[in-house]
Participant: 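Can you read through this structure? Questions will come right after.
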Amino acid sequence: MIDPKLLRQSAADVAANLARRGFEFDADAYLALDERRKALQVETETLQNERNTSARSIGQAKAKGDDIAPLLAAVKDLGDRLEASEQALQAVQGELTDIELGLPNLLADDVPDGASEDDNLEVRRWGEPAELGFKARDHIELGEGLGQLDFDAASKISGARFVVMTGALARLQRALIQFMLDTHTTEHGYTETYAPYLVRAQALVGTGQLPKFEEDLFKTETETPFYLIPTAEVPVTNLARDMIFDADELPVRHVAHTPCFRSEAGSHGQDTRGMIRQHQFEKVELVQFVAPDASMQALEELTGHAEVILQKLRLPYRVVMLCSGDVGFGSAKTYDIEVWLPGQQKYREISSCSNYNDYQARRMKARRRNPDTGKPELLHTLNGSGVAAGRALIAVMENYQEADGSIRIPEPLLPYMGGLERIEASTS
RNA sequence: GGAGAGAUGGCUGAGUGGUCGAAAGCGCUCCCCUGCUAAGGGAGUAAGGGUUAAAAGCCCUUCGAGGGUUCGAAUCCCUCUCUCUCCGCCA
């Protein structure tokens, strides 16, 4: 959520910033509505004050044993007037809140302008796409050739956009997850965190998926519904909900491995083949809570933490800064890390690292105590994939493939593979 | 699933209709005392919002959430959510 104070004072500036995203914020309508709010609020508070004052004097009169009948008569219709005013105020405030929850975050100044992902700005590259010396297979061909990747089996059980993996390939994904968790906990100072996969609506409002993107989520039909998490960002960031951290407790760094569930509504036809875009996938997520003035630096660091994973695995990648039209709803600035996929001859997103500054914190009242003023203030939240395990698996398969269709195990994963150095076709 | 208890400020925890935004303790901040890695004394210390150019001041709201009773609700009533205890069931 954008600071409502800022909305009021600089509505035109806000609108200009959001316009860079292609988002239209009707500043005049908002300000007009806020004027009504202001008038109603003053009226309501005046009546409340009147009520409080008279209630107090009735109490005092009663204590003295005076006759309170005339006093009661004087406030006879106050209740009705107050109730009408309160209801009108509540309605207007509700409208304002709806608008505010529907606004994306303000973009950081250095986010480049652009309309789509084609306008993203490449920041750096690491590694060279390897010369395989033969025609690269994609992960589907590789996995099915190994007999360890089965989309038909998955569709029998759950339909499209699911996968079944078996044997060494299934283990390889687990190895990747373990490797990532161990790296982030031992080398980057993150606390391993296990959190719920089912969450309440309130948690999703906090991180920004609700109320606007409900159609992207899976929802249970229980009496009070749960939503399946689309990313560990949701439960883990909500650890800061209603918290006031002491200044010396920050930064807080969590790393969590969870499955992620996405309805992929509206993505029909995109990446329908293979396991690039699934309803269910595994991800290792990095989340940080930091002091307000530290978040931009923290974004650089967090992105670097994700990059380390790819570097250790010797997977070529590039980092792009998302342009104004491609930055996610609640993010002020986002770096995507794109890994080289020989099967597609393309860089594909494997991590997205974002600074939300106080946008999520305001929604979930996540604060820290400012050491200088002693007052609570909103902290800043960040998150990034460190990295998506399903896509990392694809990247390893395609980059480590051999001419015969087998897959070498990257060196850092060997300890997690029980001595297996190469995945070959299942004999069964 | 059955029975019961509870949800109060940064934390612990009093408070069952009117000077309660809320005792006390802890923590924190400042001051004093003390020749010292201790102790003692004093003061202050919830958040959000409105009014204001801003501050001060004044006002409003908030004691899990929402509704209700009342001139007046942390306190009474209803609904919901959550937590805990016991029993049952269960990986």
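Please read these numbers as outputs of a predicted model, since none were measured by experiment. Atom set for the values below is all heavy atoms of this structure, side chains included, hydrogens, waters and symmetry mates excluded.
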Participant: Could you list the protein-to-nucleotides 61-64 of chain B atom pairs, N/O on both sides, closer than 3.5 Å?
Facilitator:
from   : atom 1 : to     : atom 2 : distance (Å)
U61(B) : OP1    : R51(A) : NH2    : 2.6
U61(B) : OP2    : N52(A) : ND2    : 3.3

Participant: Any chance the side chains of N355(A) and S295(A) put a donor and an acceptor closer than 3.5 Å?
Facilitator: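 Indeed, the side chains of N355(A) and S295(A) share at least one donor-acceptor pair under 3.5 Å.
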
Participant: Looking at K62(A), does any N or O in its side chain come under 4.0 Å of the phosphate oxygens OP1/OP2 on G18(B)?
Facilitator: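 No, outside the criterion.
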
Participant: Can you tell me the pairing partner of G40(B) across any strand shown, Watson-Crick or G-U wobble, with both distances under 3.5 angstrom?
Facilitator: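 When the pairing criteria are applied, C32(B) turns out to be the nucleotide that pairs with G40(B).
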
Participant: Using atom P in both nucleotides, what's the gap between C86(B) and G15(B) to the nearest angstrom?
Facilitator: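 Straight-line distance between the two P atoms is 25 Å.
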
Participant: Side chain of N49(A): nearest nucleotide among C60(B), C71(B), A47(B)?
Facilitator: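 Nearest to the side-chain atoms of N49(A), counting from C-beta on, is C60(B).
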
Participant: Tell me whether S263(A) contacts the main-chain N or O of E215(A) through its side chain, where contact means a donor paired with an acceptor under 3.5 Å.
Facilitator: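 Here the side-chain-to-backbone pair exists.
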
Participant: Provide the distance between the two P atoms, one in G72(B) and one in U19(B), to the nearest whole Å.
Facilitator: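 Straight-line distance between the two P atoms is 14 Å.
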
Participant: Does R369(A) place a side-chain N or O at less than 4.0 Å from the phosphate oxygens OP1/OP2 of U29(B)?
Facilitator: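 No.
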
Participant: Is there a side-chain polar atom (N or O) of R367(A) under 4.0 Å from OP1 or OP2 of A47(B)?
Facilitator: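 Checking R367(A) against A47(B): no side-chain N or O falls below 4.0 Å of OP1 or OP2.
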
Participant: On a whole-Å scale, what distance lies between the C1' atoms belonging to G9(B) and A5(B)?
Facilitator: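 Here G9(B) and A5(B) have their C1' atoms 23 Å from each other.
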
Participant: Have a look at R362(A) and say if it touches a base, only the backbone sugar-phosphate, or nothing, with a 4.0 Å heavy-atom cut-off.
Facilitator: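 Counting heavy atoms under 4.0 Å across all strands, no contact is made by R362(A).
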
Participant: Under a 4.0 Å heavy-atom cut-off, which of residues 230-246 of chain A touch RNA chain B?
Facilitator: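 Hits under 4.0 Å, by residue number: I244(A).
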
Participant: With rounding to the closest Å, how many angstrom separate the P atoms on U12(B) and G67(B)?
Facilitator: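 It comes out at 28 Å once rounded to the nearest Å.
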
Participant: Pick the nucleotide of RNA chain B nearest each of G59(A) and Q87(A); which residue has the one closer to the 5' end?
Facilitator: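 Per heavy-atom nearest nucleotide, the more 5' residue is G59(A).
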
Participant: Please give the nucleotide sitting opposite A7(B) as a Watson-Crick or G-U wobble pair, both distances under 3.5 Å, or none.
Facilitator: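 Answer to the pairing question: U81(B), which forms a Watson-Crick or G-U pair with A7(B).
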
Participant: Whole-Å distance between U51(B) P and D34(A) CG?
Facilitator: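 Value for this atom pair: 8 Å.
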
Participant: Remember a base hit wins even if backbone is also touched, and classify K38(A) as base, sugar-phosphate or nothing at under 4.0 Å, heavy atoms.
Facilitator: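 Sugar-phosphate: the residue K38(A), judged by heavy atoms under 4.0 Å, touches backbone atoms but no base.
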
Participant: Please determine, by modelled atom types, if Q41(A) and E45(A) share a side-chain donor-acceptor pair under 3.5 angstrom.
Facilitator: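 The criterion, which ignores hydrogens and geometry beyond distance, is satisfied for E45(A) and Q41(A).
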
Participant: Pick the C1' atom in A46(B) and in C26(B), then give their distance to the nearest Å.
Facilitator: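 Comparing C1' positions in A46(B) and C26(B) gives a spacing of 16 Å.
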
Participant: Is the shortest side-chain N to carboxylate O distance from R348(A) to E398(A) below 4.0 Å?
Facilitator: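 Here R348(A) does not pair with E398(A) in a salt bridge, since their nearest N and O are not under 4.0 Å apart.
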
Participant: When you check the gap from the basic side-chain N to the acidic O, do R253(A) and E301(A) get nearer than 4.0 Å?
Facilitator: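 A salt bridge links R253(A) with E301(A).
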
Participant: Which whole-number value in Å describes the distance from D3(A) CG to G48(B) P?
Facilitator: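 Nearest whole value for this atom pair: 11 Å.
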
Participant: Is S57(A) touching bases, backbone alone, or none of the nucleic acid, heavy atoms closer than 4.0 Å?
Facilitator: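 Nothing, no heavy atom under 4.0 Å.
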
Participant: Tell me, yes or no, whether the heavy-atom count around D77(A) atom CG, taken from other residues, nucleotides or ligands under 6.0 Å, exceeds 12.
Facilitator: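 For D77(A), atom CG is crowded (more than 12 foreign heavy atoms under 6.0 Å).
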
Participant: Determine which pairs satisfy salt bridge (Lys or Arg N to Asp or Glu O under 4.0 Å) with at least one residue from residues 256-270 of chain A, sequence neighbours left out, and list them in order.
Facilitator: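 Pairs touching residues 256-270 of chain A that pass the test: E264(A)-R277(A).
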
Participant: Under 4.0 Å, counting only non-hydrogen atoms across every strand here, what does R368(A) touch: a base, just sugar-phosphate, or nothing?
Facilitator: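 Nothing: the residue R368(A), judged by heavy atoms under 4.0 Å, touches no strand.
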
Participant: Roughly how many Å apart are A43(B) and A54(B), using the P atom of each and rounding to a whole number?
Facilitator: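 Rounded to whole Å, the distance is 36 Å.
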
